[in-house]
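Before any comments, here is the structure.
Since this is a predicted model, take the numbers as computed values, not measurements. Lettering of chains follows the sequences in order, A, B, ..., and the numbering in each one begins at 1.
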There are 2 protein chains.
Amino acid sequence: MSNVATNFTQRTINYDQLLGDFKVLLKKNNLKFTIQREVILETLYNSDEHLAPESLHHLLQDKFPELKIGIATVYRTLSLLEDSDMVTSLSFGAQGKKYELGAKNHHDHLICTSCGTITEFVDEEIEERQHNIADELGFTMQDHSMQIYGICKNCK
Amino acid sequence: MSNVATNFTQRTINYDQLLGDFKVLLKKNNLKFTIQREVILETLYNSDEHLAPESLHHLLQDKFPELKIGIATVYRTLSLLEDSDMVTSLSFGAQGKKYELGAKNHHDHLICTSCGTITEFVDEEIEERQHNIADELGFTMQDHSMQIYGICKNCK
DNA sequence: ATAATAGCGATAATAATTCTCAAAAGAAGA
DNA sequence: TCTTCTTTTGAGAATTATTATCGCTATTAT
């Protein structure tokens, strides 16, 4: 029963912790903690979607119209977060790049090539094997990602 | 000794077979077999690199200057090949999308975040586990890809 | 509160990708 | 091989995605 792939979305840290980490990171690099950066982090945290820069921008305009957040700020902040390894970007097939918060539990992706749905899962056996492979090849592993493409239950 | 990650690039089919498959595919879809399509397929076959559309275009201009292949044709052909599952596209981190021939043996990627080098490997244990996971989740697996990010030997 | 500095939005600039169209090339049949 | 029909091509325009610039504003440290 263990070692069975499980299908879930789970956070390892709560928002306050995440925000704290972000503030530390900013301070370390002489960067400022701005409202824009905060709401972008918050929006990413509250989204279970994998967001493209543009969709994130729309979300932000809907939720915080008074801030009039510009698209450039979205790109800038996503780059900042990605450089700091707080978010990771993914690009599947034809669709463009999408971002997701890295602070969630690590997970891999199951992508339905018919309806486009992305299901997340974690499998300990694979996680472990990845570490071993990196070691064997003299690689210091920082991160990894895996995607399985196919047809989901519903589409069959 | 088995189950050890190995680092290689190996083709499962030779060029004539590949070309044959391509011709069949084209005929099936009422598409024409053109010189441009042939040299693009050939160039992808002969490259061990993961090619961005632009680098592919440069390669083609170098190797077949008389054809004056346009960038639009490169994009068109890559899309065609991707739609037909003959090539797959990858996008790692900041760099844009790159294409590789899918007819090579399946392999995963080890990406050095310092120098950008991409090493390919295959691990049977992971391959098998991926199939199991897809089954467990009621998914019909068509393909998969995996990336491990880290620092390679040389960069350490 | 002030001064110093980084960040912001708007938008211009650039890069990446797709579209348009007239000319050229491939396929099929006579 | 010649003709006809259809698809593809290259060139460049158009669109989309991303990044850079800049004067003004907000944040931080003092």
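- Among all heavy-atom pairs drawn from B/Ile69 and B/Gln61, the shortest one is O-NE2, 4.1 Å.
- Atom pair B/Asn29:CG and D/dT6:P shows a separation of 18 Å (rounding to whole Å applied).
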Q) How far apart are the C-alpha atoms of B/Arg76 and B/Thr73, what are their side-chain angles, what is the distance that settles it, and do they pass the side-chain hydrogen bond (donor to acceptor under 3.5 Å, both in side chains) test? A) CA-CA 5 Å; B/Arg76 279 186 293 234; B/Thr73 297; 3.0 Å; yes
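- When the C1' atom of D/dT16 is taken as reference, atom NE2 of A/His58 falls 13 Å away, rounded to whole Å.
- Sorted by first and then second residue, the ring-ring contact (aromatic ring centres under 6.0 Å, His included) pairs involving residues 13-38 of chain B (not counting sequence neighbours) are B/Tyr15-B/Tyr45.
- Residue B/Tyr75 places at least one side-chain N or O under 4.0 Å from the OP1 or OP2 atom of C/dT17.
- Across the interface with DNA chain D, nearest-nucleotide mapping of B/Gly70 and A/Ile71 shows B/Gly70 to be the residue nearer the 5′ end.
- Atom C1' of nucleotide D/dT19 and atom CG of A/Leu78 are separated by 13 Å, given to the nearest angstrom.
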Q. Once each nucleotide of nucleotides 20-30 of chain D is scored for protein heavy atoms under 4.0 Å, what B/S/- sequence comes out, 5' to 3'?
A. BB----BBS--
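- Residue contacts for A/Leu67: at a heavy-atom cut-off of 4.0 Å it reaches the sugar-phosphate backbone alone, with no base atom in range.
- A side-chain donor-acceptor contact under 3.5 Å links A/Asn14 to the backbone of A/Asp16.
- Atoms CD (A/Glu54) and C1' (D/dT19) sit 15 Å apart, rounded to a whole Å.
- Residues B/Ile69 and B/Asn30 each lie close to DNA chain D; by heavy-atom proximity, the contact nearer the 5' end of the strand is made by B/Asn30.
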